[in-house]
There are 2 protein chains.
Amino acid sequence: MTVSNVVNGRPGVAESTRLLVDASIRHLGYKPNLSARRLAKGRTGMLTLSIPEVEIPYFAEISSAMLRAALERSMDILINQSDWDRDRELDLIHGSMSLLTDGILLYPSTLTQSDLNGARPGVPLVLFGGSEVFTNVDHVVIDNVAAAQEATEHLVSLGHRRIALIGPHLEPNSRKPNGRLAGYARALEVARIKRSQELLVNVPTYHRVDGYRAMQQLFELPQPPTAVFCLSDLLAVGALHAAYDRGVAVPGELSIMGFDDVEESRYSNPALTTIKPDKLAIARHALDLISGPGEGSEQNGPRTVITNHELVIRASTAAPGRTAAH
Amino acid sequence: MTVSNVVNGRPGVAESTRLLVDASIRHLGYKPNLSARRLAKGRTGMLTLSIPEVEIPYFAEISSAMLRAALERSMDILINQSDWDRDRELDLIHGSMSLLTDGILLYPSTLTQSDLNGARPGVPLVLFGGSEVFTNVDHVVIDNVAAAQEATEHLVSLGHRRIALIGPHLEPNSRKPNGRLAGYARALEVARIKRSQELLVNVPTYHRVDGYRAMQQLFELPQPPTAVFCLSDLLAVGALHAAYDRGVAVPGELSIMGFDDVEESRYSNPALTTIKPDKLAIARHALDLISGPGEGSEQNGPRTVITNHELVIRASTAAPGRTAAH
DNA sequence: CTGTTAGCGCTTTCAG
DNA sequence: CTGAAAGCGCTAACAG
């Protein structure tokens, strides 16, 4: 009908008719049925965003950025929580819900490259973040090795020599490449500091409690570190709390450095020195990739976009003072 | 077709046929089109969740709880950020997007009762949280006045007499009822403590920065408070940081109390005493209301469910010591 | 400029 | 147990 034209604000409708239709619409309380529109049109205007956990501030902030970026392009976002579950992530990409949304934005928490080689989803897929960089799919990342190296160098430049590292995937023989670990290693190498296995604390997740426990463990060392680089702000907040509980002064006796620049860390006591990724840029690039060049670009193969990061120096790092040993 | 039956796992299909169909499905890489299914079925299995901001930990935690509760009922959630924008919330309820999802879960950040009296959305609507309790729509709340009263009484029982309050909607002549303010007032009344207007600091939002500024303001008072009750943990974190910056010891010289029991406040230095709402219960009740009794219950009118809360005492509150004045 | 005709991909009837 | 027929509410392509 002509009705469809007026509802969609398309040109080529007489002003009089338009008014008439508008009146009827209001009168009858008509609401368009989006499902039907979608069936007919073939697109939904919705994207699926998959993150491991909304409660982790980094993901909450990234989600918020995605929501904003989507709004800028008048799209909606359906948030899916994968709970770090491999099956949930696999399900999404080979997936059942594919034809509901126009694309999938996924933070690969457990997937590896080879998982992506198999069947492709029915809709565009773009990855963002994660410790590994995928070359077989569109992926928006930061340069994790450079970032971790800068962070470690900052600690080195302050005069630290015993610098611990707290993070997940630090197992000695992990097959999953870990850019941040590599950056840390490189910085030590440049500074001619010998790596010590006891200063590498592997944790199961990025949660505060893991940072707390890891720090406790480091305090028990015969020769505790004078600085700790935590692979997320949340981990750093946990470490900070452990220092607080033990009465160790930060940064006086111990320097702590985070990663992510989540707002929480600007208000911790003391505020955290950290690495700040450009979250809005990540979101915008992800959105551009997903709704961008379209099918035509398949020829050019998967694209990797590297976004900026920045070292933000706040109050939790300083030159080493007295030892952290109690 | 019979195909539909096997896809939906319905009975009444010969085992042989089922196998045949399954094989073809796998072979052809068939994916059901959810939009089509929805058009035909009339329901989408999706709910819209509207919160002001995902980056606010309380909302992130509530979202997570909703996501989990929805998963338990095999539903999906579309998250909408209202950004505290009245128009966005109104739009949602009188709404355009109505027929996309099966229901709307809304945190009323700016709406008032009268906004809900007008046109009803085409789908079930349930409200959760907020400072006002709506009686004309299904609403899941906590008893804000009781909670705030308990919080204040805890401070009183410690021996405090000058207890400040930091929060939004504290204007003297606000028309919007504020349960938490009422609870605070009642506790003081019971303790026969005179209310002082200078101890009420009204802030624009629940963000950390507002707590920070409000606290700075209180420090400038000729006679600063010995305790502060912040109407959100985020505000309390800001206040804590202000105390830290000024070198005021918490809880030695100043007690700080929060509201929400967000994980962040368990790791602040010191950890915050706070009011803990049962977020999962809120989520589950909201989901039950929305997909519950259905149309039949319209006769019984809107339901209000009040969920539990709990006072959690941690390290940020203690008996008053030296004055907080610098 | 307006109205008609198909058909999106599924789920329902209801016959075979 | 299986298949054919109709229609969910919309948009697209065309004809009046």
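Within every chain, numbering begins at 1; the chains are lettered A, B, ... in the order of the sequence lines, protein sequences first and strands thereafter.
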For [X] and [Y], which I'm curious about, is there any donor-acceptor pair between the side chains at under 3.5 Å?
X: A:Asp115; Y: A:Thr112; result: yes
X: A:Glu89; Y: A:Ser109; result: yes
X: A:His139; Y: A:Glu132; result: no

Which of the following nucleotides, [options], is nearest to the side chain of [X]?
X: B:Arg37; options: D:dC10, C:dG9, C:dC10; value: C:dC10
X: B:Ala14; options: D:dC1, D:dC10, C:dC1; value: D:dC1
X: B:Ala40; options: D:dG9, C:dT11, D:dC1; value: C:dT11
X: B:Lys41; options: C:dT11, D:dT2, D:dT11; value: C:dT11
X: A:Ser4; options: C:dT12, C:dG9, D:dT11; value: D:dT11
X: B:Ala36; options: C:dT12, C:dG9, D:dG9; value: C:dG9

Begin with the C-alpha distance, continue with both residues' side-chain angles, and end with the deciding distance and a verdict on side chain to side chain contact (heavy atoms under 4.5 Å, CB included) for A:His285 and A:Phe128. CA-CA 9 Å; A:His285 276 120; A:Phe128 63 92; over 6 Å; no
For the pair made of [atom1] in [X] and [atom2] in [N], what is the distance, rounded to whole Å?
X: B:Asn5; N: C:dT11; atom1: CG; atom2: P; answer: 9 Å
X: A:Leu39; N: C:dT11; atom1: CG; atom2: P; answer: 11 Å
X: A:Arg43; N: D:dA12; atom1: CZ; atom2: C1'; answer: 15 Å
X: A:Leu20; N: C:dT2; atom1: CG; atom2: C1'; answer: 13 Å

